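Input: a single structure, listed below in structure tokens.
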Amino acid sequence: MLYALLALAAFGLVTSSVFTGMVLWAVPGYLRERRQAYARLDHPPGFTPPLTLLKPLHGAEPHLEEHLTTFFEQDYPQYEILFCTRSPDDPGLAIARRVAERYPQIPAKFFSTGEPPYINAKVRSMELMEEAAAYDILVISDSDVRVTPDYLRAVALPFSDPRVGGITCPYRGVAAEGGLWARLEAVGMSVEMTSGVLVARMMEGMQFTLGPTMAFRRQSIRRMGGFRVTADYCADDFILGNETFKLGQTVVLSHHAIDHMVINASLAQSLKHQVRWMKSTRFSRPKGHFGTALTFSMPFGLLGLIAGIAAHHAEVGIGLLAWAIVSRLALSIAVGNWVVGDRNWFNLLVLYPIRDFMGFCFWAASYLSSKILWRGRVFQLLPGGKMRAAK
């Protein structure tokens, strides 16, 4: 039995190392594309069509005013920002108004939906803002995002190619208020999420977008049936990107990484958020999600260590654990540091191997239930990624 466990550990480390090799193979090509994009951006004025930013809000999240301010300080000639909440009294909307007053040169509009007609309440906000948008390239950004002044120039650049219908940005996780659990979640965003995106892009091309930032041509949104195509889905970002791909248009992974702020400071909040994300992926991409188990290395390294010691082959167990750690450190440096620019070396070198083990646990937990807690309500996920109110 112990030798069977050692064999299982070795098998898992081989498959996770194959995944690591695929990521490392993809990184140089991505970095080359980034250098080319930077070279194009260094020749002003570049491609700067007028843009509309759509910012759905929900409540007064930590540091929201600071994060929204970064969108008003863009080095970009012409853009507007539209905000929408469910209630006109939402404190997030009040914060957005306060920030907008400091930047009167940036057109800003404010909306509220009332009780939304869809399961995914965000969709009605997107519909209202799209209808009111003055421009035909729509940049959608979550409220828990912080950007640099060159963000809009980077987002607009791929649309100089008429074949491009949508773009999305990679992101690095930032623990907004510190804390161990937020930092563990953040490093998972920086490394685990981006690694999976790079491999998916290499194997099948970009067929999805990522929620923290995505941008589309308005005609693409209207051709797919409007934002309401995501009305019953939890992973609306995946659906919008996938529908754009189905239209025969190119979806681009931008060279520009953004800050995705982790606001789940407590253990309970962090666990709920990460398990919800894993469940959403399980129902949106069931086959790919099932295979994700073989991309983690630390569970197999620890299994190898325990089985090796129990079988009186401690040196074998230690070797398997070391193999697992080296594999994760390679991903941390190549993806976390080189690709998304995460400069927190403690997170990358110390916390990420721990987060890799936790990621496997979240993957396993995604099969225990089809219910998720989202915005204070319980929903049940259905095959294909749709959801309904839980009974």
Side-chain angles (χ1 to χ4, degrees), residues 1-28 30-31 172-173 175 180-200 202-203 267 270-271 274 278 288-366:
M1 180 65 178
L2 292 175
Y3 287 103
L5 292 177
L6 279 172
L8 176 60
F11 173 74
L13 288 170
V14 168
T15 61
S16 64
S17 296
V18 169
F19 174 77
T20 299
M22 295 173 69
V23 174
L24 297 180
W25 180 266
V27 165
Y30 177 81
L31 296 179
R172 56 189 159 263
L180 176 62
W181 304 115
R183 294 176 73 178
L184 284 164
E185 184 175 346
V187 76
M189 290 180 178
S190 293
V191 184
E192 180 184 306
M193 167 64 75
T194 309
S195 296
V197 170
L198 288 174
V199 170
M202 181 176 67
M203 295 184 65
L267 172 61
S270 182
L271 293 180
Q274 293 179 83
M278 277 287 187
H289 181 72
F290 183 77
T292 299
L294 299 178
T295 67
F296 299 103
S297 72
M298 292 305 298
F300 297 106
L302 290 170
L303 175 63
L305 176 66
I306 294 169
I309 292 174
H312 305 291
H313 293 293
E315 69 285 356
V316 175
I318 292 171
L320 292 174
L321 179 61
W323 180 358
I325 293 173
V326 169
S327 171
R328 297 306 92 171
L329 295 183
L331 279 186
S332 280
I333 295 170
V335 177
N337 185 254
W338 297 352
V339 172
V340 301
D342 192 329
R343 301 290 183 258
N344 193 317
W345 287 104
F346 179 80
N347 286 6
L348 295 176
L349 301 182
V350 178
L351 293 186
Y352 182 61
I354 300 172
R355 175 57 182 77
D356 182 75
F357 177 78
M358 293 174 63
F360 178 84
C361 296
F362 296 142
W363 172 87
S366 72

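Remember, predicted model here, so these are calculated numbers, not experimental data.
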Check: T295 and T15 side chains under 4.5 Å, non-hydrogen atoms:
no
Side-chain (D342) to main-chain (N337) donor-acceptor, under 3.5 angstrom
no
With sequence neighbours left out, what residues match A7 under side-chain contact (heavy atoms from CB on, under 4.5 Å)?
none
In chain order, what residues pass the ring pair (Phe, Tyr, Trp, His ring centres under 6.0 Å) check against F360, with sequence neighbours excluded?
W363
Value rounded to 0.5 Å, distance of CE in M189 from OG1 in T194:
10.5 Å
Going through the distances and angles, do V339 and R172 end up as a side chain to side chain contact (heavy atoms under 4.5 Å, CB included)?
CA-CA 9 Å; V339 172; R172 56 189 159 263; over 6 Å; no
With sequence neighbours excluded, give me every salt bridge (Lys or Arg N to Asp or Glu O under 4.0 Å) pair touching residues 348-360.
E192-R355, R328-D356
State, to 0.1 Å, how close G301 and A324 come at their nearest heavy-atom pair, and which atoms those are.
CA-CB, 3.8 Å
Any side-chain to backbone donor/acceptor pair from S297 onto L13? Under 3.5 Å, distance only.
no
Expected output: side-chain S190 to main-chain V187 donor-acceptor under 3.5 Å:
no
Atom CZ in F19, atom CZ in F296: separation rounded to 0.5 Å?
8.5 Å
If you measure only the distance, is there a donor-acceptor pair under 3.5 Å linking the side chains of T20 and S327?
yes
For S270, enumerate each residue passing the side chain to side chain donor-acceptor pair (under 3.5 Å) test, keeping only those at least two apart in sequence or located in another chain.
E185, Q274
Where at least one partner belongs to residues 314-324, residue pairs that pass salt bridge (Lys or Arg N to Asp or Glu O under 4.0 Å), sequence neighbours excluded:
none
Value for SG (C361) from CE (M278), rounded to nearest 0.5 Å, stands at 10.0 Å
Can you give each donor-acceptor pair under 3.5 Å made by side-chain atoms of residues 345-354, sequence neighbours left out, with the distance rounded to 0.1 Å?
from, atom 1, to, atom 2, distance (Å)
N347, OD1, R183, NE, 3.1
N347, OD1, R183, NH2, 3.1

Residues that A334 engages under side-chain contact (heavy atoms from CB on, under 4.5 Å), provided they are two or more places apart:
L24, V27, W338
Non-hydrogen atoms of F300 and L294 that approach each other most closely:
CZ-CD2, 4.4 Å
Under the side-chain contact (heavy atoms from CB on, under 4.5 Å) test, residues paired with M1 that sit two or more places apart:
L5
For S17, give me all partners under side chain to side chain donor-acceptor pair (under 3.5 Å), at least two apart in sequence or on another chain.
W323
Identify the two heavy atoms, one from S195 and one from V335, that lie closest to each other, and give their separation to 0.1 Å.
OG-CG2, 3.5 Å
Taking side-chain contact (heavy atoms from CB on, under 4.5 Å) as the test, write out the residues that go with V316, two or more places apart.
L6, H313, L320
Mind checking whether L271 and W181 have side chains closer than 4.5 Å, heavy atoms only?
no
